[in-house]
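Structure, as structure tokens:
A quick note: this is a predicted structure, and the numbers were derived from the prediction, not measured.
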Amino acid sequence: MGEYISLNEVLILANEAYNCNLRQVPKKKIMFQGRKADGETITLCSPQSKMHPQGFYWVDITQEQARVLNETDKGLIFFRLEGRNLLMVTWADLKRYLSDDCIRYNDNEQNHWKLNIYTDHIKISGNEKEMPTELYHYLPNE
């Protein structure tokens, strides 16, 4: 159950879905950018989520990642979960839940939001609202 989708598999999936060639953003391990034929820019962020002992996944989204996602026409986040599962959201939808009063700080991530990820919603620490989502199980074409 612990197997995760690789970043390469996510890129193949996103490149096909959005008909563009995403390349790694310099100095950003999990962020990729590309441009569609019509000129629309796409930015993808694909963090690998960790299982919390309380039974949900969690990931941090940093203000730096938010800055990069805000500078594109279409921002996408593909959360990689155990069992080759993906939870895909648009940046436009997610950022409505990321208020300034929910920001946390530590020396490693600096300013960031803590996201608790469930199979059908995302809960941002400090925000009572939940973002509905849908889980996808990814199997490569054979």
Inset, instruction - Would you sort out whether E9 and Y138 count as a side-chain hydrogen bond (donor to acceptor under 3.5 Å, both in side chains), showing the intermediate values? - result: CA-CA 9 Å; E9 289 173 303; Y138 177 77; 4.9 Å; no
Using distance only, find each side-chain donor-acceptor pair of residues 44-55 under 3.5 Å and give its atom names and separation, not counting sequence neighbours.
| from | atom 1 | to | atom 2 | distance (Å) |
| --- | --- | --- | --- | --- |
| S46 | OG | F78 | O | 2.9 |
| S46 | OG | R80 | NE | 3.3 |
| H52 | ND1 | Q54 | N | 3.0 |

Legend entry - Euclidean distance, Y57 OH relative to I117 CD1, rounded to 0.5 Å: 9.5 Å
Inset, instruction - Any chance you could lay out the side chain to side chain contact (heavy atoms under 4.5 Å, CB included) test for L69 and I77, step after step, and finish with the verdict? - result: CA-CA 9 Å; L69 287 161; I77 304 179; 4.1 Å; yes
Legend entry - Residues I42, L22; criterion side chain to side chain contact (heavy atoms under 4.5 Å, CB included); working and verdict: CA-CA 8 Å; I42 305 278; L22 296 165; 4.0 Å; yes
Legend entry - Verdict with supporting geometry, K123 and E130, salt bridge (charged side-chain N to carboxylate O under 4.0 Å, His left out): CA-CA 5 Å; K123 176 92 173 73; E130 297 175 352; 6.0 Å; no
Inset, instruction - Begin with the C-alpha distance, continue with both residues' side-chain angles, and end with the deciding distance and a verdict on side chain to side chain contact (heavy atoms under 4.5 Å, CB included) for N70 and W91. - result: CA-CA 8 Å; N70 279 329; W91 175 243; 2.8 Å; yes
Inset, instruction - Verify whether one side chain among T62 and E109 offers a donor that lies under 3.5 Å from an acceptor in the other. - result: no
Inset, instruction - Please indicate whether N21 has more than 12 foreign heavy atoms, meaning atoms of other residues, nucleotides or ligands, lying under 6.0 Å from its CG. - result: yes
Legend entry - Test side chain to side chain contact (heavy atoms under 4.5 Å, CB included) applied to L87 and Y136, step by step: CA-CA 6 Å; L87 200 141; Y136 296 93; over 6 Å; no
Inset, instruction - Answer yes if I30 and W58 sit in the same cluster of Ile, Leu, Val, Met, Phe, Trp and Tyr residues linked by side chain heavy atoms under 4.5 Å apart, and no otherwise. - result: no
Legend entry - Rounded distance [0.5 Å steps], CD in Q63 versus CD1 in I103: 4.0 Å
Legend entry - L115 side chain near D60 side chain, heavy-atom distance below 4.5 Å: no
Inset, instruction - Only counting residues at least two apart or in another chain, list the ones meeting salt bridge (charged side-chain N to carboxylate O under 4.0 Å, His left out) with K74. - result: none
Inset, instruction - Taking the side chain as every heavy atom from C-beta outward, state whether V89 and F79 have any atom pair closer than 4.5 Å. - result: yes
Legend entry - Atom pair CD (Q33) and OG1 (T43), whose distance is rounded to the nearest 0.5 Å: 4.0 Å
Inset, instruction - Drop me the distance from L86's CG to L135's CG, to the nearest 0.5 angstrom. - result: 8.0 Å
Inset, instruction - Looking only at non-hydrogen atoms, find the nearest pair between S125 and C102 and report the distance. - result: O-CB, 3.4 Å
Inset, instruction - Check the side chains of N127 and W113 for a donor-acceptor pair under 3.5 angstrom, ignoring hydrogens and angles. - result: no
Inset, instruction - State plainly whether one hydrophobic cluster holds both L7 and I5, where clusters connect Ile, Leu, Val, Met, Phe, Trp and Tyr through side-chain heavy atoms under 4.5 angstrom apart. - result: yes
Legend entry - Full working for side-chain hydrogen bond (donor to acceptor under 3.5 Å, both in side chains) between S6 and N8: CA-CA 5 Å; S6 71; N8 189 52; 5.2 Å; no
Legend entry - Pairwise salt bridge (charged side-chain N to carboxylate O under 4.0 Å, His left out) hits with a residue in residues 17-29, at least two apart: K28-E64
Inset, instruction - Looking only at non-hydrogen atoms, find the nearest pair between D107 and Q110 and report the distance. - result: O-NE2, 2.9 Å
Inset, instruction - To the nearest 0.5 angstrom, please state how far the OG1 atom of T90 sits from the CG atom of L76. - result: 7.5 Å
Inset, instruction - Apply salt bridge (charged side-chain N to carboxylate O under 4.0 Å, His left out) to E40 and list each qualifying residue two or more places apart in sequence or on a separate chain. - result: K36
Inset, instruction - Please examine the side chains of N106 and H112, heavy atoms only from C-beta on, and report whether any two atoms are closer than 4.5 Å. - result: yes
Legend entry - ring pair (Phe, Tyr, Trp, His ring centres under 6.0 Å) partners for Y18, two or more places apart: none
Legend entry - D101 side, atom CG; I124 side, atom CD1 - distance, nearest 0.5 Å: 11.5 Å
Inset, instruction - Please identify each residue that fulfils ring pair (Phe, Tyr, Trp, His ring centres under 6.0 Å) with Y118, with sequence neighbours left out. - result: F56, H121
